[in-house]
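To start, the structure under review is shown below, and the notes come after it.
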Amino acid sequence: MPELPEVETVRRSLEPFLVGQTITQVEVREPRLRRPLPSEFAGTLTGRTIRAIDRRGKYLHFQLDDQQIWLVHLGMTGQLIIEAHAVLPLAHDHVRVALSSGQHLRYNDPRRFGLMVVGTAAEIEAVTKLGHEPLGKKFTTSYLVATAQRTQRTIKDVLMDQRVVAGVGNIYASELLFRAGVRPGRVAGTLARAEIERIVKMTKTVLQEAIRHRGSSISDYRDGEGKEGGFQQRFRVYDREEEPCRTCRTAICRETRGGRSSFFCPTCQQ
DNA sequence: CGCACCCCCTGCCGGC
DNA sequence: TGCCGGCAGGGGGTGC
């Protein structure tokens, strides 16, 4: 569910509550996430202090003592929610963390597509294998042109490949391609440089705008305090099949490839 | 190696 | 009302 803007919003919302806190107790109620949590997971986290919270792509990095990183990926339905006090476990609360402040952090994830790993930076890198940050300086037109030229995949598939650029998912891929005026099904290598340039620019614009609106809440996304985002009200194409394009009133089209939907305006996008 | 397909899991929604 | 199929923001493994 959560893409870069949602993960960044969660990071910002948790930061004031968690940085400087020591983990006093960890309860694993369901270890069967995308990768089973090892038996030593709780012991490894207990007693450590959270020095900072960083984000890389759709992953959160809780920086701990001794160069260790607690890596968290929210999958489709994962939530990290801070509670002022211990509360009774809710359905799908798989991991619960008590903090020195007396507050508690719940990891709730109905579909269990999320991931947690504790390890060094090198170990985390081997797990995540991410490309450039879309909002960073290295994500440039030249980089995306070069990447697009050595693949037969569609531009949307390339943008959603986390090894190419880290953090774009199904919603923002459709939204940024609308703004760039490029159809999601175009083969990446056939795009003109000017089109790639618009795509790179709109990737940054749309992600920044979505962060400003605290992400998109379709059904279950919430930030660390349980608050909804607002960017879903600004979607131009995502989940708007048959609805009029906000620019030209043409009906928005939906296409499915590999089980995932793409949305676009057949008039505004070539 | 690149890519298409299928799977993982639960919940919800629409149609019959 | 109830059941069933399809779909959902994620990623990974397999086999061609």
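Keep in mind it's a predicted model, so treat the numbers as computed, not measured. Letters A, B, ... mirror the listed sequences (proteins, then strands); counts begin at 1.
In this entry the distance linking CG of L74(A) with C1' of dC9(B) reads 16 Å, nearest Å. Going from atom CD of E3(A) over to atom P of dA8(C) covers 13 Å, rounded to whole Å. The separation between Q79(A) atom CD and dG11(B) atom P is 13 Å, rounded to whole Å. Atom C1' of nucleotide dG10(C) and atom CG of D220(A) are separated by 12 Å, given to the nearest angstrom. M76(A) places its CE atom 10 Å from the C1' atom of dG11(C), with the value rounded to the nearest Å. Atom CG of N170(A) and atom P of dA8(C) are 8 Å apart (whole Å). For the pair I218(A) CD1 and dT10(B) P, the computed distance is 22 Å after rounding to whole Å. What separates NZ of K129(A) from P of dG13(C) is a distance of 7 Å, to the nearest Å.
At dG10(C), one or more side-chain N or O atoms of R260(A) fall inside 4.0 Å of OP1 or OP2 (strictly under the cut-off). The phosphate of dG9(C) (OP1 or OP2) has no side-chain N or O of Y172(A) nearer than 4.0 angstrom. Here R34(A) does not reach the OP1 or OP2 of dG11(C): none of its side-chain N or O atoms lies under 4.0 Å away. Between K58(A) and dG9(C) there is no side-chain polar atom (N or O) within less than 4.0 angstrom of OP1 or OP2. Dashed line: the shortest gap from a side-chain N or O of T151(A) to OP1 or OP2 of dC3(B) is under 4.0 Å.
How far NZ of K227(A) is from OH of Y221(A): 10.5 Å, rounded to the nearest 0.5 Å.
When each of dA8(C), dT10(B), dC3(B) is scored by its nearest atom to the side-chain atoms of H92(A), the top-ranked nucleotide is dT10(B). Considering only the side chain of Y221(A), dG9(C) comes nearest among dC9(B), dG9(C), dA4(B). For S219(A), the side-chain atoms get nearest to dG9(C) when compared with the rest of dG11(C), dG9(C), dC9(B).
Comparing dG5(C) with dC7(B), their P atoms are spaced 15 Å from each other, to the whole Å. Nucleotides dC9(B) and dT14(C), compared at atom P, are 16 Å apart to the nearest Å.
T256(A) comes within contact range of no nucleotide atom at all, as no heavy-atom separation falls under 4.0 Å. Nucleic acid contact for G169(A): sugar-phosphate only, since backbone atoms but no base atoms lie under 4.0 Å from a heavy atom of the residue. G114(A) comes within contact range of no nucleotide atom at all, as no heavy-atom separation falls under 4.0 Å.
You won't find any donor-acceptor pair under 3.5 Å spanning the side chain of R257(A) and the base of dA4(B), going by distance alone. Put simply, the side chain of R112(A) and the base of dC9(B) share no donor and acceptor less than 3.5 Å apart.
L191(A) and F178(A) end up in the same hydrophobic cluster when Ile, Leu, Val, Met, Phe, Trp and Tyr side chains are linked at under 4.5 Å.
Base pairing annotation: dT14(C) forms a Watson-Crick or G-U wobble pair with dA4(B), both donor-acceptor distances under 3.5 Å. Under the Watson-Crick and G-U wobble criteria, each requiring two contacts below 3.5 Å, nucleotide dG14(B) is paired to dC4(C).
Between the side chains of T24(A) and S100(A), no donor-acceptor pair is found at a separation under 3.5 Å. Judged purely by distance below 3.5 Å, without hydrogens or angles, the side chains of S142(A) and R193(A) pair a donor atom with an acceptor atom. Side-chain contact annotation: S217(A) with Q232(A), donor-acceptor N/O pair under 3.5 Å absent.
In this structure, E175(A) contributes its side chain and R236(A) its backbone to a donor-acceptor pair below 3.5 Å.
Between V127(A) and R111(A), the residue anchored nearer the 5' end of DNA chain C, judged by the nucleotide with its closest heavy atom, is R111(A).
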